[in-house]
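None of these values were measured; they are calculated from a predicted model.
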Amino acid sequence: MFIDKRFHPYSLGSFRKDLLSGLIVGVIAIPLGMAFAIASGVKPEYGIYTTIVAGILISLLGGSKYQIGGPTGAFIPILFGIVMTYGYENLLIAGFMAGIILTLMGVFRLGSLIKWIPRPVTIGFTAGIAVTIFTGQIASFLGLTGIKKHEEFILNLKEILVHLNSINLFSVLTAGICLMLVLLTPKVAPKIPGPLIGLLVSTVVAAIWYPGQVATIGTAYGEIPSTLPQLHVPSINLEIILKLLKPAIVIAMLGGIESLLSAVVADGMTNSRHNSNKELIGQGIANMITPLFGGIPATGALARTATNIKNGAVSPLSGITHGIVVLLVLLFFASKASYIPLASMAPILMVVAWNMSERKVFAHIAKTKSTDSIVLLVTFVLTVFVNLTTAVEIGLVMSAILFVKRMSDVTTTAKALPNLQHRQGKVETSMVSDTHDCPQISIFNVEGPLFFGAAQTFEKTIMETINYHPKILLLRMSKVPLMDTTGEAILASIVKHFSKSGIVLISGLNPQPESVLKKTGLVDVIGKDHFFEHTGEAIQYGLSQINENKCLGCKHFAFRECKQLSAKEVVENRAKLTATF
């Protein structure tokens with residue numbers, strides 16, 4: 001079984017490494033879990049519940065040895081929007097439905113499909129999410145009061161500007177201390193988690209030096225319970241399912257992308273290989289069970305997974321340990337979390353947003369000034385100013401359209417003639433000109449995929465290039481890797497047109513286009529004896545179909561030089577011509 005492989009080989013030394021790594025990652029996950037929950041519009045303890053339940057299940061059932069699961073920053077705008085629109089209870093249902101979708105994706109082995117999402121789209125919406133998270137913490141950083149939260153980016157910025165006069169200098173000081181420690185701790189003591197140190201020190205400073213001057217988790221949300229909530233199955237009916245289907249799909253898609261991206265990075269750091277479908281199943285089951293305990297949607301956390309690896313993790317036991325550590329902290333120290341200032345949470349999330357922004361990759365793609373940069377910017381702008389769902393949908397549609405355009409540009413159809421001066425009589429497009437052509441045999445080099453995006457151009461080129469009625473139309477298709485039904489239909493139209501006065505020959509047909517033509521019956525229409533492996537064979541066959549008193553035997557293949565030849569000259573020229581192929 002795959003789970004056995006993830007633990008093999010294993011020893012007492014491996015066990016110690018997993019425990020140490022799990023302890024460190026668990027400590028880091030506590031402030032992040034609360035911060036992500038608060039930013040998502042729910043109580044901080046829900047982030048803790050998610051870290052415990054989802055963290056353990058993802059490590060236990062997933063397809064990666066090193067994956068750490070839990071709430072992540074990428075989910076913040078989506079979850080906040082769902083809470084604002086549908087409420088917390090319906091968020092749990094949407095998360096449960098997303099878990100079902102992820103599980104089905106894994107069962108039907110669709111893990112690889114998520115990897116097909118274009119990079120400009122993923123970088124665009126990731127950067128957009130980062131901007132949304134960062135700006136969403138400005139109010140808490142400054143300690144602004146009277147702020148109303150909105151889904152729209154512009155309205156949230158307006159709220160900040162309107163309430164700037166309520167700035168709390170104690171909050172700014174608290175947030176500044178936390179931010180400084182979050183940034184400096186990794187440089188001074190890399191093994192010590194910066195977010196935890198920043199949170200602890202800034203909380204102590206606020207509690208001792210200016211108590212009651214800044215908003216805390218306790219004053220905003222009440223005391224955090226020191227136990228897991230009881231199992232609660234939400235009420236689901238068809239109406240709710242239909243209403244929450246779109247949010248659930250968005251959660252599932254983003255969760256799948258984030259988890260597999262994290263697993264791929266983990267593979268690169270450890271020279272290992274994850275099972276993408278099993279990972280989706282593990283993510284799905286975790287997201288189905290977590291809402292039953294009040295937890296929010298979860299996925300693979302890239303930063304915590306990387307930290308897990310850097311601290312010597314050997315197996316999924318480190319991820320299970322991290323969930324147990326958070327559970328123990330909840331049971332014994334939950335009441336202390338009430339003293340944490342909201343201003344201390346803000347810089348932690350700001351740093352998370354900065355790190356997830358993919359700013360270097362974003363700038364690299366933008367500098368290319370290509371169609372990819374257009375998709376990147378459109379996806380980014382829509383993520384920030386509209387919503388993630390619209391951004392991804394339009395980004396994918398744009399990518400598809402631009403890809404089709406690029407592929408259609410790659411497909412070329414050009415008339416060609418043999419270069420009799422060439423040692424091997426190579427068929428070249430450069431040999432055709434207004435003064436050099438053949439009236440009875442037309443050879444076309446077709447290159448690139450013959451699909452719906454290029455089929456019309458293929459037909460137009462052939463029809464417009466030929467201004468007479470040749471006896472033979474030869475299509476050289478050895479460089480056509482694939483053909484769809486639109487390409488087949490256009491080819492059928494060309495065959496029908498030319499079959500009235502001549503014949504169509506095809507050389508070098510590849511397996512995939514051949515399969516399409518056989519299934520549609522076009523092979524029989526053209527004639528099985530009109531398909532050739534090599535161009536030379538096709539031309540020799542074509543020459544045999546022409547009346548020997550005609551000028552096809554012209555050694556120049558030149559329209560203006562065509563003339564009646566004797567039977568002997570025709571035979572001699574044909575022999576020379578076909579020998580070159």
Return yes if some donor-acceptor pair links the side-chain N/O of Asn445 with the main-chain N/O of Ala414 below 3.5 Å, else return no.
no

So which atom in Thr50 and which in Thr290 form the shortest heavy-atom distance, rounded to 0.1 Å?
CA-CG2, 3.9 Å

Any donor-acceptor pair under 3.5 Å from Ser262 side chain to Glu258 backbone:
no

Could you tell me whether the side chain of Thr411 and the main chain of Met407 form a donor-acceptor pair under 3.5 Å?
yes

Does the side chain of Arg406 reach to within under 4.5 Å of the side chain of Val410, using non-hydrogen atoms?
no

Does any N or O in the side chain of Arg359 come within less than 3.5 Å of the main-chain N or O of Trp354, such that one atom is a donor and the other an acceptor?
yes

Are the side chain of Asn510 and the backbone of Ser478 linked by a donor-acceptor contact shorter than 3.5 Å?
yes

Would you please name every residue forming a side-chain contact (heavy atoms from CB on, under 4.5 Å) with Val131, sequence neighbours left out?
Thr135, Phe153, Phe380, Val384

CZ of Phe80: more than 12 outside heavy atoms within 6.0 angstrom?
yes

Could you tell me which non-hydrogen atom of Phe452 sits nearest to which non-hydrogen atom of Asp484, and how far apart they are?
N-OD2, 2.8 Å

Is there a side-chain contact between Lys65 and Thr270, using heavy atoms and a 4.5 Å cut-off?
no

Are the side chains of Ile251 and Met97 in touch, meaning some heavy atoms are under 4.5 Å apart?
no

Please walk me through it: do Thr126 and Glu358 pass side chain to side chain donor-acceptor pair (under 3.5 Å)?
CA-CA 7 Å; Thr126 301; Glu358 299 280 8; 5.9 Å; no

Does Thr299 reach the main-chain N or O of Ser259 with its side chain, forming a donor-acceptor pair under 3.5 Å?
yes

Check: Lys460 and Gln456 side chains under 4.5 Å, non-hydrogen atoms:
no

Donor-acceptor pair, side chain of Thr305 and main chain of Ile68, under 3.5 angstrom
yes

Among Met288, Glu279, Gln283, which one satisfies side chain to side chain contact (heavy atoms under 4.5 Å, CB included) with Leu102?
Gln283

Kindly indicate, with the supporting measurements, whether the criterion side-chain contact (heavy atoms from CB on, under 4.5 Å) is fulfilled by Leu509 and Leu517.
CA-CA 10 Å; Leu509 192 64; Leu517 298 188; 3.8 Å; yes

With no hydrogens and no angle check, is any side-chain donor or acceptor of Asn287 less than 3.5 Å from a backbone partner on Ala298?
yes

Steps toward side-chain contact (heavy atoms from CB on, under 4.5 Å) verdict (Leu474, Ser507):
CA-CA 7 Å; Leu474 171 56; Ser507 67; 4.2 Å; yes

Reported CG-to-NE2 distance for the pair Leu157 and His150, which is rounded to 0.5 angstrom:
11.0 Å

Smallest heavy-atom separation, Gln67 atom then Ala301 atom, equals OE1-N, 4.1 Å

Is there side-chain contact between Pro297 and Leu91, with heavy atoms separated by less than 4.5 Å?
yes

Please indicate whether Gln512 has more than 12 foreign heavy atoms, meaning atoms of other residues, nucleotides or ligands, lying under 6.0 Å from its CD.
yes

By salt bridge (charged side-chain N to carboxylate O under 4.0 Å, His left out), Asp267 pairs with (sequence neighbours left out) none

When you measure from the side chain of Asp372 to the backbone N and O of Pro120, does any donor-acceptor pair fall under 3.5 Å?
no

